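Taking it in order: structure first as C-alpha cells, then the write-up.
Because the structure is predicted, anything quoted here is derived from the model rather than measured. Nothing fancy with the numbering, it's 1 onward along the sequence.
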Amino acid sequence: MGELPVSAIIVDPVTKKVVSACTNHTKKNPILHAEINAILKALKLTNLERLDKFDIYCSLEPCPMCTSAISISRIRRVYFCLEDKKSGGFINGPKLIYSKNLHHKPKFYYGFKENVFLNLMKNFFKKKRN
C-alpha cells in the first residue's frame, strides 16, 4: 500500500482476544497512525469510553501524538518492538511517558522481535529509494 509498515493491535489480556488490529493510513490522513486507528476501532467495537482493561502491541515505538492518545484512552500496557529514535514518544524524542503532565502512564515494554521489524523497515525504505 506504500504506507510505512507500522501496525498496532489492541488485546484483551484476560481473554487473549484481539479487539482491533490496524495499520497506518497516513496517505489518506496524516494523523491516522496505526495506534490511533486501533484505538478508534477498539472504542467503537467495545462501546467503551476508555480502554483501561486492554493492552496495545505496536511494531514501532509510538510517536508523541500516539503516546498522548494511548494515555488519554487509558490503555493499561504498551508493548512495542522497535525504538523510533527519530520520532518516538516513549523512550526517544520528548519521552512523554515521563512527563508529569501526562494523565495516565501505562506500563510499557519494548525490544520484542526487534530485528524482524528493523529488517522490515530497512526493506521498505530500500524499495522506496529504488
Write down the atom of [X], the atom of [Y], and the distance for their closest heavy-atom approach.
X: Glu35; Y: Leu60; value: OE2-O, 3.7 Å
X: Ile36; Y: Met65; value: CG1-CE, 4.1 Å
X: Ser87; Y: Pro64; value: O-CD, 3.3 Å

Are any side-chain N or O atoms of [X] and backbone N or O atoms of [Y], one a donor and one an acceptor, separated by less than 3.5 Å?
X: Ser71; Y: His104; result: yes
X: Lys44; Y: Lys41; result: no
X: Ser73; Y: Ala69; result: yes

Side chains of [X] and [Y]: closer than 4.5 Å at any heavy-atom pair?
X: Leu4; Y: Phe124; result: yes
X: Lys53; Y: Val14; result: no
X: Asn29; Y: His25; result: no
X: Leu82; Y: Glu61; result: no
X: Arg74; Y: His103; result: yes

Open item on the list: For a side chain to side chain contact (heavy atoms under 4.5 Å, CB included) check, start with the C-alpha distance between Val6 and His33, then their side-chain angles and the critical distance, and finish with the verdict.
Closed with: CA-CA 8 Å; Val6 177; His33 291 193; over 6 Å; no

Open item on the list: For Thr23 and Glu3, which I'm curious about, is there any donor-acceptor pair between the side chains at under 3.5 Å?
Closed with: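 Not at all, the side chains of Thr23 and Glu3 share no donor-acceptor pair under 3.5 Å.
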
Separation between [atom1] of [X] and [atom2] of [Y], rounded to the nearest 0.5 Å:
X: Asn37; Y: Thr26; atom1: CG; atom2: OG1; value: 9.5 Å
X: Arg77; Y: Tyr57; atom1: CZ; atom2: OH; value: 8.5 Å
X: Asn101; Y: Ser68; atom1: CG; atom2: OG; value: 10.5 Å
X: Leu120; Y: Ser7; atom1: CG; atom2: OG; value: 8.5 Å
X: Tyr79; Y: Lys107; atom1: OH; atom2: NZ; value: 9.0 Å
X: Lys86; Y: Cys63; atom1: NZ; atom2: SG; value: 12.5 Å

Task: Contacts of Thr46 that satisfy side-chain hydrogen bond (donor to acceptor under 3.5 Å, both in side chains) - sequence neighbours left out - done: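 Partners of Thr46 under the side-chain hydrogen bond (donor to acceptor under 3.5 Å, both in side chains) test: none.
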
Task: In one Ile/Leu/Val/Met/Phe/Trp/Tyr side-chain cluster, 4.5 Å: Tyr109, Val18 - done: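 Linked, Tyr109 and Val18 end up in one cluster.
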
Open item on the list: Asp55: which residues meet the salt bridge (charged side-chain N to carboxylate O under 4.0 Å, His left out) condition with it, sequence neighbours left out?
Closed with: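 In terms of salt bridge (charged side-chain N to carboxylate O under 4.0 Å, His left out), with neighbours along the sequence ignored, Asp55 is linked to Arg76.
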
TODO: Could you work out the complete set of other residues in the hydrophobic cluster of Phe54, with links drawn between I, L, V, M, F, W and Y side chains under 4.5 Å apart?
DONE: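 Once heavy-atom contacts under 4.5 Å are chained together, Phe54 belongs with Ile10, Val19, Ile39, Leu43, Leu48, Leu51, Ile56, Ile70, Ile75, Val78, Phe80, Phe90, Ile91, Ile97, Tyr98, Leu102, Phe108, Tyr110.
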
Open item on the list: Would Glu114 and Cys81 count as a side chain to side chain contact (heavy atoms under 4.5 Å, CB included) here? Give the steps.
Closed with: CA-CA 5 Å; Glu114 207 169 357; Cys81 301; 5.9 Å; no

Open item on the list: Can you confirm whether more than 12 heavy atoms, excluding those of Lys105, are under 6.0 Å from its NZ atom?
Closed with: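 More than 12 heavy atoms, drawn from other residues, nucleotides or ligands, come within 6.0 Å of this atom.
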
